[in-house]
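Written below as structure tokens is the structure these notes are about.
Note that this is a predicted model, so its numbers are computed, not measured. Order of the sequence lines fixes the chain letters, A, B, ..., with proteins taken first and strands second; residue numbering starts at 1 for each chain.
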2 protein chains.
Amino acid sequence: MSDRLSRLFAALADPTRRDIVTRLVVGDATVSELAKPYDVSLQAVSKHLKVLEEAGLVSRSREAQRRPVHLEAAVLAEMTSWIHRHQQAAEERYRRLDAVLAVLDADLDADLDADLDADLDD
Amino acid sequence: MSDRLSRLFAALADPTRRDIVTRLVVGDATVSELAKPYDVSLQAVSKHLKVLEEAGLVSRSREAQRRPVHLEAAVLAEMTSWIHRHQQAAEERYRRLDAVLAVLDADLDADLDADLDADLDD
DNA sequence: CACCTCCTCAACCAATTGGTTGAATACGAC
DNA sequence: GTCGTATTCAACCAATTGGTTGAGGAGGTG
């Protein structure tokens, strides 16, 4: 699971980590600030931050004994790009398939109409 | 990790599963067709498909003894929505922060200019 | 210096994951 | 009914994950 995209998806597959990302949207925060809302140990949150950092979603600087955590929003674009590409392509395919089916339906209706006309001729 | 979004992200955190999704974009496929490119067992691929199915990314019908796999492209929109929301919000915040910093810089430049003018007056 | 705060490292543990093999099911063909 | 093909189920295994506790390390403050 070592490639970049896998690490990105895996990082956001945990609700606590998604929560942390949501929190970081409104501004940088220290580890203890981030840990406060949860009833897990500070070390557990520290581990989550390490995962987010290794995925490139977050960066940490140093400020006295604090380690402010910063969201790297641009990286999120990498994921949307992958997802969007697939979504678009698949939906385009279905759209074309629908068009083909619509044509087939139209032909079927035309045939039925022809049959009906033939019946009326009786 | 039981919530919907977590299952979605986790499902795409595996390169083989992302590969399968990519393959399914061009059309439905059976389990053995999907397994062919990989040197893992058919059962392993079957397990991957189960993960994708439980995440809602894929659906399976029945056609004789085959089980054609179908990509549910619409579900991908759920992920893009989450990511995009966060990305947008964070970037908007940075944009505003940049604006504030720009104003501070302008003020600083103005002060420097004033100092320079004062010096010239000497 | 000693002390307190913020945070990480290390070792451990239970649960989950991605893989295996072997047996079982479902269905069409002979 | 028997055979072959397509797929899943079950049991197992090693590696990873998300959590814990305990012991530091880094850096201000008395």
Side-chain angles (χ1 to χ4, degrees), chain A residues 1-24 27-72, chain B residues 1-24 27-72:
Chain A
M1 199 225 282
S2 55
D3 68 297
R4 174 156 192 68
L5 209 45
S6 296
R7 278 200 303 267
L8 274 171
F9 279 112
L12 292 184
D14 183 281
T16 305
R17 286 195 294 261
R18 279 202 308 281
D19 235 45
I20 289 175
V21 168
T22 303
R23 162 65 186 79
L24 287 175
D28 298 1
T30 67
V31 180
S32 20
E33 279 167 358
L34 291 171
K36 204 154 293 168
Y38 310 102
D39 60 348
V40 300
S41 66
L42 197 69
Q43 291 94 319
V45 173
S46 186
K47 274 195 183 181
H48 280 309
L49 290 172
K50 198 175 180 186
V51 172
L52 289 170
E53 188 177 31
E54 278 166 358
L57 276 166
V58 133
S59 63
R60 287 185 278 183
S61 47
R62 168 145 281 229
E63 188 181 280
Q65 59 276 72
R66 265 155 274 121
R67 308 291 297 279
V69 183
H70 174 83
L71 179 63
E72 298 292 337
Chain B
M1 200 226 282
S2 57
D3 67 295
R4 174 155 191 69
L5 209 44
S6 295
R7 278 199 304 266
L8 273 170
F9 279 112
L12 292 183
D14 182 281
T16 305
R17 286 194 294 261
R18 280 202 307 283
D19 234 46
I20 290 175
V21 168
T22 303
R23 162 63 186 80
L24 287 175
D28 298 2
T30 67
V31 179
S32 19
E33 278 167 359
L34 290 171
K36 205 152 294 170
Y38 309 102
D39 60 348
V40 299
S41 67
L42 198 69
Q43 291 95 318
V45 173
S46 187
K47 274 194 184 181
H48 280 310
L49 290 172
K50 198 176 178 185
V51 173
L52 289 171
E53 187 177 32
E54 278 165 0
L57 277 166
V58 132
S59 62
R60 285 184 279 184
S61 48
R62 164 142 282 210
E63 188 183 280
Q65 60 276 70
R66 264 155 275 123
R67 309 291 296 280
V69 183
H70 174 84
L71 179 62
E72 297 293 335

Provide, to the nearest angstrom, the distance between the CD atom belonging to A:E53 and the C1' atom belonging to C:dT8.
-> 12 Å
Which donor-acceptor pairs under 3.5 Å do side chains of residues 62-69 of chain B form with protein atoms, sequence neighbours excluded?
residue : atom : partner : partner atom : Å
B:R67   : NE   : B:S61   : O            : 3.4

Which of the following nucleotides, D:dT5, D:dG18, D:dT8, is nearest to the side chain of A:R17?
-> D:dG18
Output the distance between atom CG (A:L5) and atom CZ (B:R18), rounded to the nearest 0.5 Å.
-> 4.0 Å
Nearest-nucleotide pick for B:R60, side chain only, options being D:dA6, D:dT8, C:dC7 = D:dT8
Choose from D:dG18, C:dT8, D:dT7 the nucleotide whose nearest atom is closest to any side-chain atom of A:R67.
-> C:dT8
Identify all side-chain donor-acceptor contacts of residues 33-43 of chain B below 3.5 Å with residues at least two apart in sequence or on another chain.
residue : atom : partner : partner atom : Å
B:E33   : OE1  : B:T30   : N            : 2.9
B:Y38   : OH   : B:D19   : OD2          : 2.7
B:S41   : OG   : B:A44   : N            : 3.2

Should the pair A:K47-A:D14 be classified as a salt bridge under the 4.0 Å nitrogen-to-oxygen rule?
-> no
Quickly work out the B:R66 CZ to D:dG4 P distance and round it to whole Å.
-> 18 Å
Between C1' of D:dG18 and CG of A:D19, the distance in whole Å | 15 Å
Nucleotide of D:dT7, C:dC7, D:dG18 approaching A:T30 most closely (side-chain heavy atoms) = C:dC7
Send over the distance from B:Q65 CD to D:dA6 C1', rounded to a whole Å.
-> 6 Å
Once you round it to whole Å, what is the distance between P of C:dT8 and CG of A:L52?
-> 12 Å
Who are the side chain to side chain contact (heavy atoms under 4.5 Å, CB included) partners of A:V21, not counting sequence neighbours?
-> A:L12, A:L52, A:L71, B:W82, B:H86
Is any side-chain nitrogen or oxygen of B:R62 closer than 4.0 Å to OP1 or OP2 of C:dC27?
-> yes
Among all residues two or more places apart in sequence or in another chain, which pass the side-chain hydrogen bond (donor to acceptor under 3.5 Å, both in side chains) test with B:S59?
-> B:E72
What's the closest nucleotide to the B:A64 side chain, out of C:dG28, C:dC7, D:dG28?
-> C:dG28
Does B:S32 place a side-chain N or O at less than 4.0 Å from the phosphate oxygens OP1/OP2 of D:dT7?
-> yes
Residues that B:E54 engages under side chain to side chain contact (heavy atoms under 4.5 Å, CB included), provided they are two or more places apart | B:K50
Contact list for DNA chain D against residues 36-51 of chain B - heavy-atom distance below 4.0 Å = B:L42, B:Q43, B:S46, B:K47
